[in-house]
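All remarks here apply to the structure that follows.
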Amino acid sequence: MIQNILVLGSGSAGLIAALSLKRKIPQLNVRIVRSPDIGVIGVGEGTTPNFPKHLFDYLGISRRRFYQLAEPTWKLGIRFLWGERGRFDYTFAPQLDAKWSDLPMPNGFYCDDEFSCLDAPAALMRADKAFHRQPNGAPDIQPWHAFHIENKKFVEMLEIIARESGIEFIDGRVNGADRGPQGVTAVHLEDGRKLEADFYVDASGFRSELLGRALEEPFESFGSTLFCDRAVVGGWERTDEPILPYTTAEQMDAGWCWQIEHEHHVNRGYVFSSQAISDDEAAAEFLRKNPKAPASPRIVKFRSGCYQRLWVDNVVAVGNAGGFVEPLEATALMIVCSHCQTLVDFLLHNELEPTPSMRDLYNDLVKDTWHDIRDFLGLHYKVNTALDTPFWRHCREDTDLSGIGGLLDFYEENGPTGFCRYRMPRSQSDFGIEGYFVMLVGNKVPYRKRHPVTPQEKAIWEARRQSNILQASTALTVKESLYFVRHPGWSWYGEGAG
Ligand SMILES: Cc1cc2nc3c(=O)[nH]c(=O)nc-3n(C[C@H](O)[C@H](O)[C@H](O)COP(=O)(O)OP(=O)(O)OC[C@H]3O[C@@H](n4cnc5c(N)ncnc54)[C@H](O)[C@@H]3O)c2cc1C
C-alpha cells in the first residue's frame with residue numbers, strides 16, 4: 001500500500017501534484033525534493049478554466065489568498081491574429097456549437113462574413129472588457145474565465161500553501177535512482193543522501209529524471225504534426241498599454257507569437273521552427289515586430305511529444321517531465337490539473353494499491369488527452385492560408401492530421417453542425433467540438449452543404465450581435481475589476497481566509 005510519496009521537482013507541476021495528493025488523501029506522507037540550483041522553468045503563464053476550478057473548488061485554496069499572492073489577471077480566451085480573416089476570438093463558452101432559438105441553423109452557418117460578438121464573453125473580448133457590471137457597479141465575475149499568472153509568483157504561492165498543508169521540502173540535486181522489480185526504490189542526491197518512497201511523481205521538467213532517464217520510457221514525438229521546436233522569449237514592463245482580457249496568438253513568418261497580459265508586465269514570445277529559420281533570424285523578426293522587447297531575448301528549446309506511458313511501475317510523470325507541446329492553447333497546466341485529479345481518483349478507488357489494469361487505463365486516458373491536443377494544435381497550422389512563407393506552405397502541405405481525418409472529411413461535406421461531434425476520434429476532448437469549429441470557421445475552411453441565409457435570418461443575427469456589443473460597452477476593464485477585488489470589503493462568494 002502506498003504511504004510515502006516522493007515528488008521530484010517543485011515547479012508548478014510538482015507542487016500541484018503534491019497538493020492534490022496531500023489534500024485529497026491526507027494520510028499520505030508527501031515530500032518534495034528539488035534542486036534550487038536548477039530552479040524552475042520560469043515560463044508558462046496562460047491557463048484554461050479548469051485551472052481556477054482545480055485551485056478553488058478541488059484543492060480548496062482561498063481565492064482571496066490566490067489573488068493576493070499570485071496577482072493574476074483574467075483571461076476570457078485567445079485572440080487569434082491568424083488566417084484569412086486576420087482576427088477571431090476563441091472564448092471558453094460555446095459560440096459556434098450553439099443555436100439561437102429564432103434561427104434554423106447553428107451559429108457557425110452564419111459566420112461567413114463576420115465571426116465576432118456571438119455571445120457575452122466574445123463581445124467583452126472585442127471591447128477589451130473583462131466583466132459586466134452588477135447592479136452595484138462591481139464586476140460580475142463569471143466562471144468562464146481563466147488566468148494569466150506569472151510562473152514565479154504562482155510557484156512561490158503554491159510552496160507556501162504546500163508547507164501549510166504538511167508537505168515536506170528537501171533541497172538537493174538528484175543524480176541517480178535505484179531500480180527494483182516494482183520500479184524505483186530510491187533516489188540518490190549529489191550530497192550522498194538517499195531518499196526512499198513507495199511511489200514517485202516525476203515533475204522534474206524537461207529533464208524527466210525518473211520516467212525518461214531512470215526508467216528509459218520511450219518518447220513519442222509529435223514532430224510530424226507540430227513543426228515548431230524553439231521559442232524566443234522576451235517581455236517588457238507595461239507603460240500605457242491597456243491590460244487585455246485575453247491571450248493573443250499572432251502568426252509570424254515561421255511560427256506564431258504569444259502575448260500574455262500581466263498587471264505590470266507584457267509577456268511576449270515567438271514559437272518557431274528551427275528547420276525554417278535560425279535563432280538569430282527569429283530574434284530579429286521578433287524584435288522588429290516588438291520594438292519594446294529586450295535586445296537579447298532568451299531562446300528556449302523544446303521537443304513536442306510525450307512518453308509512451310506516463311505511469312510506469314511506481315512512477316508517474318506530470319508536467320513537462322511527461323510531455324510538452326507549444327503553448328498555442330496554454331494546455332500544460334490544464335492537463336497537470338486534470339491528470340492529477342485522475343491519479344487521485346484512481347489511487348483512492350484502488351485503496352492505495354493500484355492494480356496494473358487501472359494503471360493501463362490511466363495511461364490510455366492520459367495518452368488520449370495528449371493526442372487530442374496534438375491534433376487540435378496541428379489543425380491551427382494546417383488550415384491557416386494567410387501567409388505564403390516556406391514554413392506555412394510546409395504546414396499546409398505536410399501537417400499530419402490523420403488522427404482527425406474522419407472529422408475533417410465530415411466537416412468538409414456538412415459544415416459546422418453539431419453532428420460533427422460524432423466524428424471526433426475520442427469520446428473525451430478538452431476542446432470539444434466547439435474548439436474545432438472555432439479553428440475551422442475562424443480560418444474559413446470551406447464546406448459543401450451550405451445554408452442559404454435569408455435576409456430575415458441575417459437581420460435576427462445582426463440584432464443579436466449588436467445587443468451583445470451594447471451590453472459589453474458598459475462593462476469593466478481588467479484594471480477596473482482588479483480595483484474592486486482588492487478592496488478590503490470585497491467578498492469572494494462569502495469565503496473566509498484560508
Ligand atoms: C516557451 C514556453 C511557454 C509556455 N507557456 C505556457 C502557458 O502559457 N501555459 C501553460 O500552462 N504552460 C506553459 N508552458 C509550460 C510550463 O513550463 C509548464 O506548464 C509549467 O511551468 C510546469 O513546469 P514543470 O513543473 O513541469 O517544470 P519546471 O518548472 O522546469 O520544474 C522542474 C522542477 O524539477 C526540479 N528538478 C529538475 N531536475 C532535478 C534534479 N536532478 N534534482 C532535483 N530537482 C530537479 C527543478 O529544480 C524544478 O523544481 C510553457 C513552456 C514553455 C517552454
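Quantities reported herein were computed from a predicted structural model and do not represent experimental measurements. Computation of the quantities below employed the complete heavy-atom set of this structure, encompassing side-chain atoms and omitting hydrogens, waters and symmetry-equivalent molecules. Order of listing sets the numbers, starting from 1, for every ligand and every atom in it.
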**Sub-4.0 Å atoms of ligand 1 with respect to non-hydrogen atoms of G319** = 26 (O)
**Message:** Can a side-chain donor-acceptor contact be found between D398 and H394 if the only test is distance below 3.5 angstrom?
**Reply:** yes
**Numbered atoms of ligand 1 (with element) below 4.0 Å of E45, judged on heavy atoms** = 6 (C), 7 (C), 8 (O), 9 (N)
**Fill in**
Counting from 1 in the order shown, the ligand 1 atoms closer than 4.0 Å to a non-hydrogen atom of V40 are 29 (O), 49 (O)
**Asked** Any N or O on N320 sitting closer than 3.5 Å to an N or O of ligand 1?
**Response** yes
**Asked** Which of the atoms of ligand 1 are close to R207, meaning less than 4.0 Å from one of its heavy atoms?
**Response** 37 (C), 38 (N)
**Request:** If a pair satisfies salt bridge (Lys or Arg N to Asp or Glu O under 4.0 Å) and one of its residues is in residues 219-230, list it, with sequence neighbours excluded.
**Result:** E220-K367, E220-R374, R230-D279
**Prompt:** Taking atom types as modelled, is there a side-chain donor on W258 or E45 under 3.5 Å from an acceptor on the other?
**Reply:** no
**Message:** Checking side-chain polar atoms at under 3.5 Å, does T185 have a donor or acceptor matched by the opposite partner on D178?
**Reply:** no
**Asked** Got a donor-acceptor contact below 3.5 angstrom from the E434 side chain to the D97 backbone?
**Response** yes
**Request:** Could you name each residue pair satisfying ring-ring contact (aromatic ring centres under 6.0 Å, His included) that touches residues 150-194, not counting sequence neighbours?
**Result:** F51-F154
**Prompt:** For ligand 1, is there an N or O atom under 3.5 Å from any N or O atom of V300?
**Reply:** no
**Fill in**
Looking only at non-hydrogen atoms, the one of L328, T47, N175, I38 nearest atom 40 (C) of ligand 1 is I38
**Asked** Taking the six-membered ring of F219 as reference, does the NZ or CZ atom of R303 fall below 6.0 Å from its centre and within a 45° cone about the axis?
**Response** yes
**Item:** Numbering as shown, the atoms of ligand 1 that approach V43 to under 4.0 Å (heavy-atom distance)
**Value:** 2 (C), 16 (C), 17 (O), 21 (O), 51 (C), 52 (C), 53 (C)
**Request:** Decide whether an N or O pair under 3.5 Å exists between V174 and ligand 1.
**Result:** yes
**Request:** Could you establish whether F324 and ligand 1 come within less than 4.0 Å of each other, counting only heavy atoms on the residue side?
**Result:** yes
**Asked** Testing K75, H148, R238 for side chain to side chain donor-acceptor pair (under 3.5 Å) with E261, which one passes?
**Response** R238
**Request:** Any atoms of ligand 1 less than 4.0 Å from a non-hydrogen atom of G46? List them with their elements.
**Result:** 7 (C), 8 (O), 9 (N), 10 (C), 11 (O)
**Request:** Run the salt-bridge test on E241 and R268 with the 4.0 Å N-O cut-off and return the result as yes or no.
**Result:** no
**Request:** Tell me which part of A332 gets within contact of ligand 1: side chain, backbone, both or neither, using heavy atoms under 4.0 Å.
**Result:** both
**Asked** Which is closest to atom 37 (C) of ligand 1 in terms of heavy atoms, S204, A231, P36, S35?
**Response** S204
**Request:** Within a distance under 4.0 Å of any heavy atom of N151, pick out the atoms of ligand 1 and give their elements.
**Result:** 21 (O)
**Prompt:** Which atoms from ligand 1 have a heavy atom of S10 less than 4.0 Å away?
**Reply:** 33 (C), 48 (C), 49 (O)
**Prompt:** How about F346 and W311: are their ring centroids closer than 6.0 Å?
**Reply:** no
**Mode of F302 contact toward ligand 1 - side chain, backbone, both, neither (heavy atoms, under 4.0 Å)** = neither
**Request:** For ligand 1, find out whether one of its N or O atoms is nearer than 3.5 Å to an N or O atom of V33.
**Result:** no
**Asked** atom 21 (O) of ligand 1: which of S12, G39, A330, C337 has the nearest heavy atom?
**Response** S12
**Prompt:** Yes or no on ring-ring contact (aromatic ring centres under 6.0 Å, His included) for Y67 and F147, after CA distance, side-chain angles and deciding distance?
**Reply:** CA-CA 11 Å; Y67 277 86; F147 291 115; 5.7 Å; yes
